[in-house]
Amino acid sequence: MGERLTRDELAEAVRRGRASGLTFAFANGAFDLLHVGHVRYLEAARREADRLIVAVNDDQGVRASKGPGRPVMRAEDRAELVAALRAVDYVVIFPESTVTLLLELLKPDVHCKGTDYTVDTVPERDTVKAYGGRIAIVGDPKDHSTTELLKRVGP
């Protein structure tokens with residue numbers, strides 16, 4: 001099971017891991033109602049490095065991007081579910097609208113994004129390039145979404 005850490009604890013874990021020669025991949029998202037697309041994305045991200053860090057949007061960030069009624073689950077619960085996945089080593093909740101500050105702090109070897117992006121459309125592309133990291137587009141086609149799942153379940 002992955003560890004849920006604060007930003008400072010995570011920075012220290014990455015520092016220790018790098019000193020031992022480990023590489024780090026980084027993925028992020030809301031993970032509101034975990035589904036198979038999330039699992040496939042995180043498993044693919046994990047294959048990019050020795051350890052996988054997952055940043056989970058806080059509740060306010062999900063509300064801002066997904067709209068009223070979201071998130072369905074609190075950030076702490078979403079983070080706990082993500083941490084329980086075998087592919088995940090570390091989880092952190094972040095309040096910013098993008099993961100730029102976390103990327104600048106942690107400088108993961110690989111920043112992983114889902115297939116709804118291309119290397120050229122990743123919002124943090126310049127940040128990753130500036131510290132010498134690489135971007136990987138991972139996971140299956142974007143055929144799954146919490147929004148669509150909620151529509152099927154109904155009110």
Side-chain angles (χ1 to χ4, degrees), residues 2-7 10-11 13-15 17-18 22-67 70-73 75-151:
E3 294 180 74
R4 175 141 170 254
L5 303 175
T6 66
R7 198 174 290 233
L10 180 56
V14 169
R15 187 198 63 72
R18 282 223 171 88
L22 297 176
T23 58
F24 291 85
F26 182 97
N28 66 281
F31 303 101
D32 196 15
L33 294 187
L34 204 57
H35 56 69
V36 69
H38 293 134
V39 172
R40 291 172 182 166
Y41 164 57
L42 296 175
E43 286 178 343
R46 178 63 169 79
R47 290 191 291 271
E48 295 292 326
D50 300 315
R51 298 288 183 267
L52 176 61
I53 299 163
V54 180
V56 175
N57 294 84
D58 73 358
D59 294 343
Q60 186 175 353
V62 175
R63 213 169 0 269
S65 68
K66 306 292 185 181
R70 299 286 297 277
V72 174
M73 295 187 300
E76 292 77 13
D77 296 337
R78 292 182 281 119
E80 185 175 336
L81 285 171
V82 169
L85 298 173
R86 71 173 170 234
V88 177
D89 295 290
Y90 304 107
V91 177
V92 64
I93 296 172
F94 71 101
E96 297 86 9
S97 60
T98 71
V99 292
T100 300
L101 292 176
L102 276 171
L103 292 171
E104 290 171 343
L105 173 68
L106 303 171
K107 296 178 176 48
D109 301 277
V110 187
H111 179 37
C112 301
K113 295 298 270 186
T115 57
D116 47 337
Y117 290 93
T118 67
V119 171
D120 292 330
T121 62
V122 171
E124 305 86 9
R125 177 176 38 102
D126 292 339
T127 300
V128 175
K129 185 178 176 182
Y131 70 73
R134 77 178 167 86
I135 293 171
I137 304 302
V138 300
D140 63 351
K142 189 76 172 178
D143 296 334
H144 318 279
S145 80
T146 299
T147 301
E148 290 303 314
L149 184 60
L150 287 170
K151 286 179 186 175

Can you see which heavy atom on M73 is nearest to which on D77, and at what distance?
CB-CB, 4.4 Å
Y131 (side chain) donor-acceptor with D109 (main chain) under 3.5 angstrom:
no
Restricting to non-hydrogen atoms, name the atom on V138 and the atom on C112 that form the minimum distance, rounded to 0.1 Å.
CG2-CB, 3.9 Å
Smallest separation among heavy atoms of L102 and A55, with atom names
CD1-CB, 3.8 Å
Atom of A27, atom of Y41 and distance for their closest heavy-atom approach:
CB-OH, 3.3 Å
Answer yes or no: is there a donor N or O on one side and an acceptor on the other, between the side chain of R125 and the main chain of D120, under 3.5 Å?
yes
If you measure from CD1 on I93 to CG on N57, what distance do you get to the nearest 0.5 Å?
10.0 Å
Between CZ of R18 and CG of D50, what distance do you get to the nearest 0.5 Å?
11.0 Å
If you compare all heavy atoms of L5 against all heavy atoms of A13, which two are closest, and at what distance to 0.1 Å?
CD1-CB, 4.1 Å
Any idea which heavy atoms bring D140 and G37 closest together, and the distance?
OD1-CA, 4.1 Å
Single hit among V39, V54, V91, L52 for side chain to side chain contact (heavy atoms under 4.5 Å, CB included) with L85:
V39
Donor-acceptor pair, D59 side chain versus A75 backbone, under 3.5 Å?
yes
Where the side chain of R46 meets the backbone of A49, is there a donor-acceptor pair that is under 3.5 Å apart?
yes
In this structure, are over 12 heavy atoms from other groups packed under 6.0 Å from E104 atom CD?
yes
Hey, what's the ring geometry for F26 with H111, parallel, tilted or perpendicular (30° and 60° as the breaks)?
tilted
Would a 4.5 Å heavy-atom cut-off, applied to side chains only, mark V82 and L42 as touching?
yes
Looking at R78 and A30, would you say the former's side chain and the latter's main chain have a donor-acceptor pair under 3.5 Å?
yes
Please check if atom CD in E80 has more than 12 non-hydrogen atoms from other residues, nucleotides or ligands closer than 6.0 Å.
no
Heavy atoms, side chains only, cut-off 4.5 Å: are T118 and I137 in contact?
no
Verify, without hydrogens or angle tests, whether T121 (side chain) and Y117 (backbone) share a donor-acceptor contact under 3.5 angstrom.
no
Take atom CZ in R86; do more than 12 heavy atoms of anything else shown fall under 6.0 Å from it?
no
Going from CG on D89 to CD1 on I53, what distance comes out if it is rounded to the nearest 0.5 angstrom?
8.5 Å
Euclidean distance, N28 CG relative to E124 CD, rounded to 0.5 Å
6.0 Å
Could you tell me whether the side chain of D32 and the main chain of V72 form a donor-acceptor pair under 3.5 Å?
yes
So, do F24 and K107 sit near enough that their side-chain heavy atoms are less than 4.5 Å apart?
no
